[in-house]
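Notes follow the structure.
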Amino acid sequence: MTTILVTGGTGVLGRPLTERLRADGHEVRVLSRHAQPYAVDLVAGGSGLDAAVAGVDTIVHCASSPRGGDEQAAANLIAAARRASVDHLVYISIVGVDRVPFGYYRTKLAVERLVEESGLGWTILRATQFHDLLVMLFQILSKPPVMLLPAGVSDQPVAVAEVADRLADLAVGAPAGRVDDMGGPEVLTFPELARAYLTATGRRRPLVNVPLFGKAYRAFRAGGHLTPERAVGKGTFGEHLAARFGRGRKVG
């Protein structure tokens with residue numbers, strides 16, 4: 001049995017990861033800002049972080065915030081892991097962080113470098129976007145009477161439970177460095193994905209493709225965030241929508 005600390009263990013990815021690890025018989029500590037007994041703000045650090053890390057074999061770092069602070073949080077976590085002589089640090093990143101000059105992606109890439117230079121045994125997995133993230137995006141975009149979409153952009157969503165399973169396997173193995181990317185089973189255009197969402201939720205909205213500007217947009221159009229050669233996920237976006245909203249599965 002391995003003692004594993006999961007940062008962000010109450011989040012979208014951390015929760016199924018924690019459940020999987022516990023089901024496999026491992027002792028799991030959940031670290032988040034509000035989860036006792038390891039309620040820790042990683043950006044602030046402090047003695048609570050040292051207590052959470054003490055005696056841990058492996059850390060799986062899932063905590064992240066688009067609002068900022070990820071680099072400081074990772075630096076604090078790495079310092080605590082060094083003090084505790086943790087054997088293995090596993091980090092979940094995003095496909096394309098080295099190809100798409102988007103602010104949040106740049107931060108994730110910076111954290112990858114901190115992990116690589118930490119002096120700890122490390123593993124980094126990059127995955128494409130989760131199904132739920134697209135649902136959240138389409139919930140926002142479908143509020144106006146017309147649904148505006150970024151022209152020429154596709155996505156390759158992956159099931160969060162499958163990423164959790166992959167992370168669980170990596171967490172109990174030896175440090176492996178940068179492992180193969182993990183992508184969803186289909187690359188679909190934004191109109192295809194949006195139509196599937198509208199059908200599943202029983203909504204009707206005209207779709208308008210809007211050309212955007214900037215280096216990040218051009219990189220997204222070029223597919224920098226995709227990994228079609230690593231389409232190893234099984235669950236499709238249509239199946240996710242059917243399970244969540246109870247309507248048809250077909251996408252396209």
Side-chain angles (χ1 to χ4, degrees), residues 1-22 26-95 97-98 103-127 130 160 163-179 181-182:
M1 182 178 70
T2 304
T3 301
I4 300 171
L5 175 70
V6 178
T7 73
T10 60
V12 171
L13 175 60
R15 192 180 299 277
L17 171 61
T18 296
E19 292 172 354
R20 160 69 193 275
L21 289 169
R22 285 177 172 161
H26 301 288
E27 178 184 339
V28 181
R29 300 179 187 178
V30 171
L31 186 150
S32 74
R33 282 177 293 179
H34 306 294
Q36 296 295 342
Y38 302 111
V40 175
D41 183 341
L42 278 173
V43 177
S47 58
L49 177 56
D50 285 319
V53 172
V56 164
D57 301 301
T58 298
I59 298 172
V60 185
H61 186 29
C62 299
S64 182
S65 174
R67 294 185 295 274
D70 277 14
E71 290 179 66
Q72 185 61 54
N76 289 339
L77 181 65
I78 288 167
R82 285 177 182 150
R83 290 191 292 269
S85 299
V86 171
D87 295 326
H88 190 186
L89 174 59
V90 182
Y91 180 56
I92 179 66
S93 189
I94 305 171
V95 169
V97 292
D98 55 345
Y104 182 54
Y105 281 31
R106 285 173 168 162
T107 297
K108 298 290 282 187
L109 182 60
V111 173
E112 284 189 11
R113 290 171 178 158
L114 289 174
V115 171
E116 292 167 0
E117 298 166 2
S118 66
L120 303 167
W122 59 273
T123 301
I124 293 174
L125 170 67
R126 292 179 181 174
F130 302 149
V160 66
V163 178
D165 286 344
R166 177 70 174 131
L167 278 179
D169 291 339
L170 293 170
V172 299
R178 172 82 189 285
V179 298
D181 292 348
M182 183 173 185

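By convention here, the first residue in the shown sequence is residue 1. What you see is a predicted model; the values in this text were computed from it and never measured.
When all heavy atoms of Leu31 and Ala52 are compared, the pair lying nearest together is CD1-CB, 3.7 Å. Considering every non-hydrogen atom in both Ala171 and Val90, the closest pair reads CA-CG2, 4.1 Å. Scanning all heavy atoms of the two residues, the minimum distance from Val179 to Thr123 falls at CG1-CG2, 3.8 Å. When all heavy atoms of Val53 and Leu5 are compared, the closest pair comes out as CG2-CD2, 3.9 Å. Residues Gly8 and Ala63 come closest through the heavy atom pair N-CB, 3.6 Å. Shortest non-hydrogen contact noted between Lys108 and Ile92 is NZ-O, 3.1 Å.
In the displayed structure, Arg22 atom CZ is contacted under 6.0 Å by more than 12 heavy atoms of other residues, nucleotides or ligands.
A salt bridge between Asp98 and Arg126 is present, with a side-chain N of the basic residue lying under 4.0 Å from a carboxylate O of the acidic one.
Residues Leu114 and Tyr91 have side chains not in contact (no heavy-atom distance under 4.5 Å, counting atoms from C-beta outward). Put simply, the side chain of Thr107 reaches to within 4.5 Å of the side chain of Glu71, judged on heavy atoms. Looking at heavy atoms from C-beta onward, Glu112 lies out of side-chain contact with Val115 at the 4.5 angstrom threshold. Looking at heavy atoms from C-beta onward, Leu77 lies in side-chain contact with Leu49 at the 4.5 angstrom threshold. Looking only at side-chain heavy atoms (C-beta outward), Thr2 and Leu21 stay at 4.5 Å or farther from each other. Side-chain atoms of His34 and Thr10, non-hydrogen and from C-beta on, never get closer than 4.5 Å to each other.
Tested against Arg33, the residues Leu42, Val40, Asp41, Val43 include a single side chain to side chain contact (heavy atoms under 4.5 Å, CB included) partner, Asp41.
Between the side chain of His88 and the backbone N or O of Asp57 there is no donor-acceptor pair closer than 3.5 Å.
For the atom pair Ile59 CD1 and Thr7 OG1, the distance stands at 8.0 Å (nearest 0.5 Å). Atom CG in Leu17 sits 10.0 Å away from atom CG in Leu170 (nearest 0.5 Å). For the atom pair CZ (Arg178) and CG (Leu125), the distance works out to 9.0 Å, reported to the nearest 0.5 Å. The structure places NE2 of His61 at 6.5 Å from CG of Asp70, a figure rounded to the nearest 0.5 Å. Taken to the nearest 0.5 Å, the CZ atom of Arg29 stands 6.0 Å off from the OG1 atom of Thr3. With rounding to the nearest 0.5 Å, the separation of OG1 in Thr18 from CG in Leu13 is 9.0 Å.
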